[in-house]
Amino acid sequence: MADSIAILDFGSQYTQLIARRVREAQVYSELFPWNAPAEKVLALQPKGFILSGGPSSVYEAGAPQAPAYIFESGLPILGICYGMQALTHALGGTVSASHEREYGPASVQTRQTNPLLPDGQYQVWMSHGDRITAAPAGFIPLAASDNSPVAAMGDLERRYFGLQFHPEVRHTPGGMTILKRFVQDICGAQPNWTPESIITASVASIRQQVGERRVLSAVSGGVDSSVATALVHRAIGSQLSAVFVDHGMLRLGEAAQVVEVFQKNLGVKLAAVNAVEEFMEALQGVTDPEKKRQIIGEKFIRTFEVQARQLGMPEMLVQGTIYPDVVESSAPDRSQAARIKTHHNVGGLPKDMQFELIEPLRYLFKDEVRAVGEALGLPTEMVWRQPFPGPGLAVRCLGEITPERLDRLRAADAIFTDELAREGLLRMGTNSDASTSGTAQAFAVLLPVRSVGVMGDNRTYQEALALRSVTTDDFMTADWARLPYDLLARVSNRIVNEVKGINRVVYDITSKPPATIEWE
Ligand code: XMP
């Protein structure tokens, strides 16, 4: 078992970020609710604990508390923000409510040479109301800011530490060093969490779970299903059968790439089903966005089912569930409340089919999934691609979906992304940190609108196309990307000249909210 750190979640919006940062320090970390049963947390055999921040106040009735087992374990503990207050409260120190919330950048100065914080003065990110007014017995102040006399504290004997600021956010430039010192030096965890070690461990556990049985996988062209399939294939080879349903709504060249990569490069037994005509038929005359999504989701399941039967119904099914999905569904209070659109993960589990699931990415963050994919030999552009909705181009082809309109949209979309990539503006990956620039998602949308234009000496009456590109960290809110005018001009010229049937290009300048990223 790899060395690990247990992170207890007290409800901060940054908790997942702590886990990602610890893993960036190449130490496996796992998230648990603050009140998870002790046996569950200790089963991980962690080398130390991190207590996250959170919105509560320690003296409030029912406020989350630091559990006793962490102190009984004798292992090092790092409390961050509320985690520091919970630590203080549990060990007999005093936390006081403050009238002013300290939020934003602050400068801290170390007071004492210690194993957690490098000596000196540096920028950190604060976000707290309450503060420590008396550290518990055994603790000494390690750093102070103008507003927080105890910005960091430590009991060097017991290896307990508290930070009032957030080392996990990018606004604390030295934060990674601090977390690394905690997990590697203070907890003594070996930095061996790498794509290669993840693959080795996954391969062993997949083999154990599967035994001699046969496994089925649905490949959609998306990152998660591709990496999950490649990983399971690495483990069990020809016991795996993969199915790729080409519904005709992928981006330019994507369907061919899926077949090429899985069949030729990786040698996976992949059945590629050309279901384009059936999907087109089912979608004929349909313009309502929700209806489109439902038809595609349903049709996919039925097509997949036929394939599964032809393969003699393997007992197990690969699912590309990743860690944020697992964490979010175990913490219902932070899942998104209102359903704006029916989300379909084409390639998801048919509800009425009985399979035992294999979820090889269940403990991985998206950036780890991508790194593992690359290490398994998947092409870079496949694993680092921008997110693409399950129903594919269907939700970007407004109005009726026809093969001609899809081709038009695909061609225009390829021109847009090609020009962005050339300028280095096609940001790859979803776990984007605020420090990276470029577009988090960029695509074309074909509108159900025709307008008059002039080309040469002739009047045209053709379709209009919108370009959508956004910057965002989490896809919950987004802003439209301020793309250079020259680039937009070039894209517009190329589309109107090169794509038959489009004579007008517009740029979407709406943020989310009030708009959504996709148009349907
Ligand atoms: P919206 O349009 O809701 O999109 O602002 C937010 C993010 O979700 C993606 N998206 C989907 N992803 N199945 C998916 O797997 C879907 O049905 C779906 N609809 C939207 C969208 O591309 C954006 O990244």
Side-chain angles (χ1 to χ4, degrees), residues 218-228 245 247-251 254 258 279 283 286 288-301 304 319-326 328-329 335-351 361 366-367 369-370 382-398 401 409-410 413 416-417 420 426-432 436 438-447 466-481 508-520:
V219 181
S220 67
V223 179
D224 303 339
S225 74
S226 297
V227 178
V245 177
H247 50 38
M249 287 165 285
L250 291 183
R251 290 167 284 194
E254 243 176 327
V258 169
F279 274 81
L283 287 164
V286 178
D288 178 67
E290 277 298 292
K291 194 96 199 281
K292 282 183 188 174
R293 284 171 176 267
Q294 279 157 13
I295 290 172
I296 291 169
E298 177 67 21
K299 188 96 200 137
F300 176 84
I301 289 172
F304 183 69
Q319 275 234 300
T321 318
I322 68 170
Y323 198 42
D325 307 335
V326 176
E328 238 114 79
S329 58
S335 61
Q336 203 186 358
R339 168 115 305 182
I340 313 289
K341 298 170 187 176
T342 308
H343 269 218
H344 285 301
N345 283 322
V346 171
L349 175 69
K351 285 197 181 56
L361 313 178
K366 193 85 178 187
D367 36 11
V369 171
R370 296 180 198 280
M382 187 181 237
V383 295
W384 290 97
R385 231 187 309 252
Q386 292 192 343
F388 187 60
L393 296 182
V395 296
R396 296 175 180 174
C397 187
L398 276 56
I401 297 171
L409 172 58
R410 240 188 299 270
D413 186 69
F416 185 32
T417 48
L420 283 168
L426 196 68
R427 195 206 294 173
M428 305 290 250
T430 49
N431 281 329
S432 39
T436 39
T439 58
Q441 214 174 352
F443 52 88
V445 182
L446 190 63
L447 306 180
L467 302 175
R468 177 69 158 154
S469 72
V470 296
T471 57
T472 176
D473 284 330
D474 57 10
F475 297 85
M476 305 285 269
T477 61
D479 198 5
W480 57 280
D508 182 349
I509 51 167
T510 347
S511 61
K512 172 185 177 176
T516 52
I517 297 174
E518 303 287 348
W519 277 45
E520 286 193 340

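All ligand and atom numbering here is 1-based and tracks the order in the structure. For reference, positions follow the sequence shown, starting with 1. Predicted model, so just to flag it, every value in this text is computed and none were measured.
Ligand 1 lies less than 4.0 angstrom from a heavy atom belonging to Arg293.
Against a heavy-atom cut-off of under 4.0 Å, Thr516 is close to the following atoms of ligand 1: 1 (P), 2 (O), 5 (O). Close approach of ligand 1 to Lys512 (heavy-atom distance below 4.0 Å) involves ligand atoms 1 (P), 3 (O), 5 (O), 6 (C). Short contacts between ligand 1 and Gly390, defined as distances under 4.0 Å to a heavy atom of the residue, involve ligand atoms 13 (N), 14 (C), 15 (O), 16 (C). Listed by number with element, the atoms of ligand 1 under 4.0 Å from a non-hydrogen atom of Phe475 are 6 (C), 24 (O).
A donor-acceptor pair under 3.5 Å links the side-chain atoms of Ser225 to the main chain of Ser220, judged by distance alone. Judged by distance alone, the side chain of Arg410 and the main-chain N or O of Leu393 form no donor-acceptor pair under 3.5 Å. For Gln386 (side chain) and Arg427 (main-chain N/O), a donor-acceptor pair under 3.5 Å exists by modelled atom type. Although no hydrogens or angles enter the test, the distance criterion places no donor-acceptor pair under 3.5 Å between the side chain of Lys366 and the main chain of Ile322.
Checking only distances, Glu518 does come within under 3.5 Å of ligand 1, N or O to N or O. Considering backbone and side-chain N/O of Phe388, none are found under 3.5 Å from N/O of ligand 1. Annotation: Ile517 places an N or O atom under 3.5 Å from an N or O atom of ligand 1; distance criterion only.
Scored by the side-chain contact (heavy atoms from CB on, under 4.5 Å) test, Thr471 finds Asp479, Ala481 as partners (sequence neighbours excluded).
One distance of note links CZ of Arg385 with OG1 of Thr417; it measures 10.0 Å at 0.5 Å rounding.
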